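Okay, structure first, notes after.
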Amino acid sequence: MGKAGFGLAVSCAVVSCTIAAILVGRRVKSRRKWNRVVGVLRELEEGCSTSIGRLRQVVDAMAVEMHAGLASEGGSKLKMLLTFVDNLPNGNEKGTYYALDLGGTNFRVLRVQLGGKNSLILGHEVERQPIPEHLMTSTSEDLFDFIASTLEKFVEKEGNGYIVPLDRRRELGFTFSFPVKQTSVSSGILIKWTKGFSIEDMVGKDVAECLQQAISRRGLDMRVVALVNDTVGTLALGHYHDEDTVAAVIIGTGTNACYVERTDAIIKSQGLLTKSGGMVVNMEWGNFWSTHLPRTSYDTDLDADSPNPNDQGFEKMISGMYLGDIVRRVMLRMAEESDIFGDATCRLSEPFILRTPLMAAIHEDESPDLREVSRILQETLELTNVPLKVRKVIVRVCDIVTRRAARLAAAGIVGILKKIGRDGSGGVMSVRTKTGEPSSRMRRTVVAIEGGLYASYSMFREYLSEAVAEILGEEVAPYVVLKILEDGSGIGAALLAASHSSSSVGSVTLL
Ligand code: ADP
Ligand code: MG
């Protein structure tokens with residue numbers, strides 16, 4: 001080999017070595033970055049752990065806080081609000097009634113026709129529409145004028161057997177899904193806004209009166225006869241269909257629960273007497289807090305960035321308004337730790353860009369190549385060509401966040417059952433009949449559940465019922481039935497309007 005040939009060979013070797021070194025360096029770097037992504041995932045998994053031991057602690061904490069909230073005003077983060085509903089519809093209600101259901105995202109107008117004894121609900125019509133976003137932070141007059149005008153247009157379409165007799169005023173039940181201090185079954189004062197609403201002039205005002213005034217402004221002849229929380233409406237419908245229903249839970253934009261309590265257990269309202277000896281209590285459980293809740297830095301940041309920091313801590317871990325944003329925050333952290341999404345990650349910094357229904361669609365994508373995940377990442381977050389292994393990580397993040405939410409809601413439900421002695425902790429087969437046969441002392445217990453998140457997200461439902469069964473144990477679990485109720489909060493409000501109507505034919509007691 002000549003000198004020139006030798007030089008060329010050496011140069012080639014040097015170049016190859018350099019390329020190899022660069023490649024190895026890149027691989028090492030990319031493995032390091034990938035390891036960081038895996039690290040974020042592991043940390044999330046650990047932070048969101050809901051072992052059975054932890055869930056039992058949450059159950060106990062919920063029951064303890066319920067006691068505290070019933071003992072004194074401000075005694076707990078759980079407000080445990082009186083609803084003045086001491087009897088629930090029983091099937092005798094007859095006639096056409098209206099309802100308005102103002103949730104966190106959706107607004108519904110309903111007309112329900114009740115057939116009286118044994119014929120139950122003959123029919124119902126619902127018109128749904130999203131609440132225009134600007135009205136969530138406008139004035140109370142703007143919000144209620146919008147509601148009343150929608151109602152007016154709906155009433156104009158009355159027909160098909162839904163006619164209200166001319167000698168009777170139309171009556172309406174108003175479902176208002178925010179914390180209200182009730183002063184009677186048909187009046188109550190707004191305590192605070194939640195779920196992104198903020199109309200300052202409304203706080204401290206009578207909600208039913210605001211609606212009644214807006215109805216009058218439009219010249220509509222209709223009376224608000226019941227002001228109910230969405231949980232209470234759902235309980236009313238649940239009990240109407242199945243009298244073993246003792247509690248109701250909402251899992252939609254926000255989350256909350258109510259249940260039937262004995263009046264003598266409501267210590268803070270001594271002297272409260274009802275014919276039935278019971279009253280429905282609106283827990284406002286979205287504000288529940290316990291050090292046993294598995295909280296991560298994503299939750300702390302989400303809370304700090306929210307318009308209501310240190311408020312609604314349980315809700316922020318469970319409900320539809322927030323789950324998608326927790327996932328977004330984890331993805332953003334992964335992007336900051338590595339370059340798994342390439343350079344185009346700016347949309348990930350936009351709060352609430354990943355809505356919970358999209359997160360559910362990512363989670364429930366069953367295609368082998370996660371095609372739906374690709375589509376959502378591209379269309380919503382402008383993330384293109386995200387590799388399959390990264391898409392799998394995102395699906396796993398959704399799974400962790402939803403599983404935690406559903407299992408915490410399950411622990412909340414068992415907490416209520418524990419408070420009212422329906423969790424089977426006293427034993428299931430401990431009563432003997434006259435013939436000496438062991439007999440069950442555990443009563444069938446139904447919990448009605450409503451809300452867009454629960455109704456539309458099957459993985460959430462599965463995780464929730466699995467956790468309820470796991471906490472209760474196999475002996476007790478068959479006695480507890482979780483029943484999904486579509487439009488329960490609205491139809492239930494119409495039922496309560498009927499049972500509190502001036503032409504009411506009476507109803508049975510609760511307990
Ligand atoms: P509101 O809380 O206004 O009464 P809904 O009970 O209908 O309304 O709940 C709406 C919420 O449910 C949405 O804000 C969303 O977070 C959640 N949601 C709706 N559809 C889905 C879905 N397919 N998957 C997961 N969550 C959903
Ligand atoms: Mg609702």
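First listed ligand is number 1; within each ligand, the first listed atom is number 1. Atoms considered below: every heavy atom in the structure, side chains included; atoms not considered: hydrogens, waters and symmetry mates. If you're wondering where the values come from, they're calculated on a predicted model, not measured in any experiment.
Relative to the six-membered ring of F288, K77 misses at least one condition, a distance below 6.0 Å or an angle of at most 45° to the axis. A cation-pi contact links R111 to F154, judged by a cut-off of 6.0 Å to the six-membered ring centre and 45° from its axis.
Ring planes of H363 and Y463: parallel class, angle under 30° (limits at 30 and 60°). Ring planes of F460 and Y457: tilted class, angle from 30 to 60°.
The protein non-hydrogen atom at the shortest distance from atom 10 (C) of ligand 1 is T253 OG1, 3.6 Å. With respect to atom 4 (O) of ligand 1, the closest heavy atom belonging to the protein is G103 CA, 3.5 Å. For atom 26 (N) of ligand 1, the nearest non-hydrogen atom of the protein is L453 CD1, 3.3 Å. Protein heavy atom nearest atom 24 (N) of ligand 1, with residue, atom name and distance: A360 CB, 3.4 Å. In terms of protein heavy-atom proximity, atom 14 (O) of ligand 1 is nearest to T105 OG1, 3.1 Å. The protein heavy atom nearest to atom 8 (O) of ligand 1 is N106 ND2, 3.4 Å. Annotation: atom 23 (N) of ligand 1 to nearest protein heavy atom, S456 CB, 3.3 Å.
Using a 4.0 Å cut-off to heavy atoms of G451, the atoms of ligand 1 that qualify are 6 (O). Contact atoms of ligand 1 toward R108: 4 (O), 7 (O) (distance under 4.0 Å to a heavy atom of the residue).
Partner S489 forms a side chain to side chain donor-acceptor pair (under 3.5 Å) with one of T234, T175, D101 and no other, that one being D101.
Between the side chains of S297 and T300, no donor-acceptor pair is found at a separation under 3.5 Å.
Between K316 and D299 there is no salt bridge, since no side-chain nitrogen of the basic residue lies less than 4.0 Å from a carboxylate oxygen of the acidic one.
Taking each of G320, A455, G452 in turn, the one with a heavy atom nearest to atom 16 (O) of ligand 1 proves to be G320.
The shortest distance between side-chain heavy atoms of I340 and M334 falls below 4.5 Å.
For G104, a nitrogen or oxygen atom sits less than 3.5 Å from a nitrogen or oxygen atom of ligand 1, counting backbone and side chain alike.
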